[in-house]
Amino acid sequence: MLVCTGYGAASPTEALAPLTFNRRDVGQNDIEIEIEYCGVCHSDIHFARDEWHFTQYPAVPGHEIVGRVKSVGPGVTKYKVGERVGVGCMVNSCRTCPSCQEGLEQYCAEGLTGQTYGGTDKVINEPSKGGYSDKIVVDENFVLRIPENLDPAAAAPLLCAGITLYSPLRHWGAGPGKKVGIIGLGGLGHMGVKLAHAMGAETALFTTSASKVADAKRLGASLVILSKDEAQMAEHAESFDLIIDTVSASHDLSPFFGLLKRDATMVQVGAPEHPLPISVFPLLMRRRSFAGSMIGGIKETQEMLDFCGKHNITADVEMINIQQINEAYERMLKSDVKYRFCIDMKSLKAA
């Protein structure tokens, strides 16, 4: 077994703290990655605090991982020692179900058993552990190539926040001639604005805060609409081809349905704790759709990274040391970050 050091939670109520744990040895098709940076996702908090009710402890979060290949198994053909690589939300899947066969591993019929954390390492039959760690071992088929022109720390959040927005934008055809709205300017929303703009769509941000107007335009929004202003909302009635909701707090979706064209779609990627109220009549009257979307598969995630490399797109990050992770969690809950924390894993050596 490979002995690792990292930060994790011992129980739902305890702060994250240093710990040591084991990972599997490097197998035939495995890559050992020395982790340089790990983004901090809101899912990390849910997992560490068992808010989704499946966490096994000790729990090591982190699924926005960037590092260098340290060693490879004898069967590895895709990567070499020293290359910069990434690991996102998945490290395995069943590989045989229809979704996996189509390159949509995120919708694997076995569910989320292959998660980077909170899943199961099928080789050693132990709970999988994430990237708040010095190293990780991953099958080469679930490792991604990070464009060398991108800042690796700012590229780390692309592996969750980036692909979570890229996948629905691609699936529902964002591009020139399309009007796309992004609800919320947080870790997910700021990536949605950047990506939709780079795809050539007319990009609008919906926000409840007038203080975010300037920043949204800096990120690429050509329109910023205050969603609590009925007059502003009415100006854009039946004009959007696609709206993506990134908000994870409970809120009323009905006002946004009326902004969609006939046959247009609103996609939910934010995951509120409680059910959202939905009025079906705006959907019925214009044959509109309300859909959900997760991350992308491995092929699509690599496509997203290559797209970001071509357009020089990364997340806006605030760098922290691992010793600041508990403070960062509390700040995230207050939306006190623009727009994603990223951990410099070199700081782990000082833990």
Side-chain angles (χ1 to χ4, degrees), residues 31 33-44 61-70 79-89 116 130-136 138 143-167 169 182 185-199 215-221 246 295-296 298 300-325 328 331-332 336-350:
I31 292 176
I33 301 167
E34 185 173 7
I35 299 174
E36 298 175 302
Y37 303 100
C38 187
V40 182
C41 177
H42 202 107
S43 298
D44 298 351
H63 58 201
E64 298 177 344
I65 301 165
V66 169
R68 294 281 186 181
V69 177
K70 185 175 182 180
Y79 300 97
K80 297 178 181 179
V81 171
E83 289 185 310
R84 176 162 280 139
V85 294
V87 178
C89 303
T116 302
Y132 294 6
S133 173
D134 58 343
K135 50 188 173 285
I136 191 169
V138 182
V143 175
L144 298 144
R145 196 176 305 278
I146 304 296
E148 286 288 346
N149 65 301
L150 297 181
D151 175 352
L158 299 179
L159 294 157
C160 176
I163 187 57
T164 297
L165 272 296
Y166 183 89
S167 187
L169 286 168
I182 306 294
L185 192 65
L188 294 177
H190 93 288
M191 289 307 312
V193 170
K194 289 186 177 189
L195 290 166
H197 173 72
M199 289 176 178
D215 219 25
K217 290 184 176 180
R218 173 185 67 83
L219 294 167
T246 72
I295 56 170
I298 296 300
E300 187 177 50
T301 303
Q302 187 63 61
E303 177 187 300
M304 177 273 304
L305 289 167
D306 295 341
F307 178 88
C308 289
K310 179 180 178 180
H311 294 274
N312 199 31
I313 296 172
T314 55
D316 286 20
V317 298
E318 178 180 336
M319 293 296 298
I320 61 169
N321 292 332
I322 189 65
Q323 295 82 2
Q324 298 171 284
I325 189 61
R331 287 182 56 194
M332 282 177 64
D336 180 24
V337 56
K338 288 187 175 180
Y339 285 98
R340 203 73 156 181
F341 286 115
C342 184
I343 306 168
D344 182 347
M345 295 310 301
K346 291 193 299 293
S347 63
L348 187 60
K349 297 176 181 178

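Taking Lys338 as the reference, Asp215 meet the side-chain contact (heavy atoms from CB on, under 4.5 Å) condition, with sequence neighbours excluded. Partners of His197 by side-chain contact (heavy atoms from CB on, under 4.5 Å), not counting sequence neighbours, listed by chain and number: Thr203. Every residue two or more places apart in sequence or in another chain that forms a side-chain contact (heavy atoms from CB on, under 4.5 Å) with Ala155 is listed here: Ile146, Leu150, Leu158.
Side-chain atoms of Thr164 come within 3.5 Å of backbone atoms of Cys160 as a donor-acceptor pair (strictly under, hydrogens ignored). Lys194 contributes a side-chain N or O that, together with a main-chain N or O of Thr314, makes up a donor-acceptor pair within less than 3.5 Å. Between the side chain of Thr116 and the backbone N or O of Gly130, no donor-acceptor pair lies under 3.5 Å. Checked by atom type and distance alone, the side chain of His190 pairs as donor or acceptor with a backbone atom of Gly187 at under 3.5 Å. Remark: side-chain polar atoms of Glu36 are not paired, donor with acceptor, to backbone N or O of Ala153 under 3.5 angstrom. The backbone N or O of Cys308 lies less than 3.5 Å from no partner atom in the side chain of Tyr166, so there is not a single donor-acceptor pair.
Residues Ser347 and Ile320 fail the side-chain proximity criterion, which asks for heavy atoms closer than 4.5 Å. Put simply, the side chain of Leu348 does not reach to within 4.5 Å of the side chain of Ile35, judged on heavy atoms. The side-chain heavy atoms of Leu195 and Ile313, taken from C-beta on, include a pair separated by under 4.5 Å. Residues Leu159 and Leu305 meet the side-chain proximity criterion, which asks for heavy atoms closer than 4.5 Å. Two residues are said to be in side-chain contact when any heavy atoms from C-beta on lie closer than 4.5 Å; Val138 and Ile31 fail this criterion. With contacts defined as side-chain heavy-atom distances shorter than 4.5 Å, the pair Arg218/Asp316 qualifies. Lys346 is listed as a side-chain neighbour of Tyr37, based on a closest heavy-atom distance under 4.5 Å.
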**OP:** Apply side-chain contact (heavy atoms from CB on, under 4.5 Å) to the pair Ile163 and Glu300, showing each step before the final yes or no.
**Re:** CA-CA 8 Å; Ile163 187 57; Glu300 187 177 50; 4.1 Å; yes
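The CE atom of Met191 sits 7.5 Å away from the CE atom of Met304 when rounded to the nearest 0.5 Å. Distance check: Arg331 CZ to Phe341 CZ gives 3.5 Å after rounding to the nearest 0.5 Å. In this structure, CD1 in Ile322 is found 3.5 Å from CD1 in Ile343, a value given to the nearest 0.5 Å. Here the CG atom belonging to Asp44 is positioned 3.5 Å from the OH atom belonging to Tyr132, to the nearest 0.5 angstrom.
Contact record, Leu169 with Ala196: CD1-N, 3.8 Å, taken as the closest heavy-atom pair. Here the closest non-hydrogen pair linking Ala154 and Pro157 is O-CD, 3.4 Å. Contact between Val193 and Ala216 at its shortest, heavy atoms only, is CG1-O, 4.0 Å. Closest non-hydrogen pair, Gly62 versus Cys38, comes out as CA-SG, 3.6 Å. When all heavy atoms are compared, the tightest approach of Ala350 to Gln323 is C-NE2, 3.6 Å. Scanning all heavy atoms of the two residues, the minimum distance from Tyr79 to Val85 falls at CD2-CG1, 3.6 Å.
Sequence neighbours left out, the pairs with a member in residues 303-314 that pass salt bridge (charged side-chain N to carboxylate O under 4.0 Å, His left out) are Arg170-Glu303. Residue pairs meeting the salt bridge (charged side-chain N to carboxylate O under 4.0 Å, His left out) criterion with at least one member in residues 152-164: none, sequence neighbours excluded.
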Name every donor-acceptor pair, under 3.5 Å, that has one atom in a side chain of residues 63-70 and the other anywhere in the protein, sequence neighbours excluded.
{"from": "Glu64", "atom 1": "OE2", "to": "Arg340", "atom 2": "NE", "distance (Å)": "3.4"}
{"from": "Glu64", "atom 1": "OE2", "to": "Arg340", "atom 2": "NH2", "distance (Å)": "2.6"}
{"from": "Arg68", "atom 1": "NH1", "to": "Gly82", "atom 2": "O", "distance (Å)": "3.0"}
{"from": "Arg68", "atom 1": "NH1", "to": "Glu148", "atom 2": "OE2", "distance (Å)": "3.1"}

